[in-house]
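Heads up: the structure comes next, in structure tokens.
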Amino acid sequence: MMELQIANMDLAQLAGSGQSFTWNALEKGRWGVAAFGRYLTLTQQGDRFTLDCDEAEFEAIWRTYFDLDTDYAAIRACIDPEDAYLCGAADFGHGVRVLRQDLWEVMVSFLISQNNNISRIRASVAGLCTHYGEQRVGRDGVHSYHTFPTPDALADATAADFAALGLGYRAKYLEALARELRGQGLPALRRALDAAGDEEAVALLRGLYGIGPKVADCIALFGLHRIDRFPVDTHIRKVLAAHYPQGFPLERYRGCLGILQQYMFYADL
DNA sequence: AGCCAGGAAGTCC
DNA sequence: GGACTTCATGGC
């Protein structure tokens, strides 16, 4: 058990922010978070958080996962005070952060996300975990959870299997992705991505079947923490048209574009 | 019935 | 290189 004070973090906002699809609401304000093969439950009262893990696990996994070493107050302070829309969006989503999620989980989740809605993405990801993930018993010894399935765990399934979980026409993309990255495919891709700059990383991702510009940007932002990527989806396109007809000031916000994008996305949800 | 959802591939020219 | 169409599927 750990108690912490964390500024600029709100569990309900993170759970609803559409960047992770493996959070689940438990009883009375408690959230369950599965990541990196672990399962954490936590609660929040204001800026005080209670996590059911020890300090070693917190330092090994969760400090990084919740991006606690990034100063979100400083980023919000950079917002142009004349920009009423962006100030309002950042205020509304004050507890949204860019989580440092597992690369493969992000690849699969956002491959599924295209032309889809968040509730069905969540259901599809849950189906993948229960059907192909590893079942483990939680810290309380009673409740169990499923890890996110590896490429190898998915590679023998077919598009028809994935379609049965509600992936629709995206099922063939996941079939190809899992087979492409099975064995040493994923670590090899990760090495190439880690050695690449932002543009090159996005280009590498776009070389995979089913991954286009928007999904590649989401993978770079959420799976590689390339904080300057600015994914433009249907919501952001709408926001840009409504509030930035002359174009969004990308250069002004170089260095934190992805975080501002999350404020804008969450405000539009 | 048609439109929308964290879009991308295929198919024209 | 663009512009247009197709792709599953459920909710509104």
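Being a predicted model, the structure only gives us computed values, none of them experimental. Within every chain, numbering begins at 1; the chains are lettered A, B, ... in the order of the sequence lines, protein sequences first and strands thereafter.
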Quiz prompt | Separation of atom CD in Gln114(A) from atom P in dA9(B), rounded to whole Å | solution = 7 Å

Exercise. Specify the separation, in whole Å, of atom NE2 of His235(A) and atom C1' of dA5(B).
Key: 7 Å

Quiz item: In whole angstrom, what separates Leu208(A)'s CG from dA8(B)'s C1'?
Solution: 13 Å

Quiz prompt | First encountered from the 5' end of DNA chain C, between Ser119(A) and Asn115(A) | solution = Asn115(A)

Quiz item: Roughly how far, to the nearest 0.5 Å, is the CZ atom of Phe21(A) from the CD atom of Gln101(A)?
Solution: 8.0 Å

Quiz item: With a 4.0 Å cut-off on heavy atoms, is Leu167(A) in touch with a base, just the backbone sugar-phosphate, or nothing at all?
Solution: nothing

Quiz item: Please give, in whole Å, the distance from dG10(C) C1' to Leu165(A) CG?
Solution: 16 Å

Practice problem: Pick base, sugar-phosphate or nothing for Ile211(A), based on heavy-atom distances below 4.0 Å to the nucleic acid. | Solution: sugar-phosphate

Quiz item: Using the P atom in both, what is the distance from dG6(B) to dT6(C), to the nearest Å?
Solution: 24 Å

Exercise. Would you please confirm or rule out a distance under 4.0 Å between OP1 or OP2 of dG6(B) and any side-chain N or O of Thr234(A)?
Key: no

Quiz prompt | Pair Glu199(A) + Arg226(A): basic N to acidic O under 4.0 Å | solution = no

Exercise. Assign Gly18(A) to base, sugar-phosphate, or nothing according to its heavy-atom contacts below 4.0 angstrom with the strands shown.
Key: base

Exercise. Check the geometry between Phe265(A) and dG6(B) and answer yes if their rings are stacked (centres below 5.5 Å, planes below 30°), otherwise no.
Key: yes

Quiz item: Tell me: CZ of Arg237(A) to C1' of dA5(B), nearest whole Å?
Solution: 13 Å

Quiz prompt | Pair of N/O donor and acceptor under 3.5 Å linking dG6(B) base with Tyr266(A) side chain | solution = no

Exercise. Kindly indicate, with the supporting measurements, whether the criterion side chain to side chain contact (heavy atoms under 4.5 Å, CB included) is fulfilled by Met1(A) and Glu55(A).
Key: CA-CA 8 Å; Met1(A) 195 74 81; Glu55(A) 186 168 353; over 6 Å; no

Quiz item: At their closest point, which heavy atom of Ala171(A) faces which heavy atom of Ala163(A), and how far apart are they?
Solution: CB-N, 3.6 Å

Quiz item: Mapping Ser17(A) and Arg206(A) to their closest nucleotides on DNA chain B, which lands nearer the 5' end?
Solution: Ser17(A)

Quiz item: When you compare dA8(B) with dG10(C), how far apart are their P atoms, in angstrom units rounded to a whole number?
Solution: 22 Å

Practice problem: Hey, can you tell me if Tyr173(A) and Tyr169(A) have their rings parallel, tilted or perpendicular (30° and 60° cut-offs)? | Solution: perpendicular

Self-check item: Value in whole Å for how far the P atom of dG6(B) lies from CZ of Phe110(A)
Solution: 10 Å

Practice problem: Measure from the side chain of Tyr209(A), starting at C-beta and using heavy atoms only, and say which of dA5(B), dA8(B), dA9(B) lies closest. | Solution: dA9(B)

Quiz item: Distance between the P atoms of dC3(B) and dT5(C), in whole angstroms?
Solution: 13 Å

Exercise. Select one nucleotide: of dG6(B), dG10(C), dC7(C), the one nearest the side-chain heavy atoms of Tyr169(A).
Key: dC7(C)

Quiz prompt | Whole-Å distance separating the CG atom of Asp268(A) from the P atom of dG6(B) | solution = 10 Å

Exercise. Indicate whether any N or O donor in one side chain lies under 3.5 Å from an N or O acceptor in the other, for Thr64(A) and Arg100(A).
Key: no

Practice problem: For Leu269(A) and for Tyr173(A), find the nucleotide of DNA chain B with the closest heavy atom, then tell me which residue's nucleotide is more 5'. | Solution: Leu269(A)

Self-check item: Between dG10(C) (C1') and Ile112(A) (CD1): distance, integer Å
Solution: 16 Å

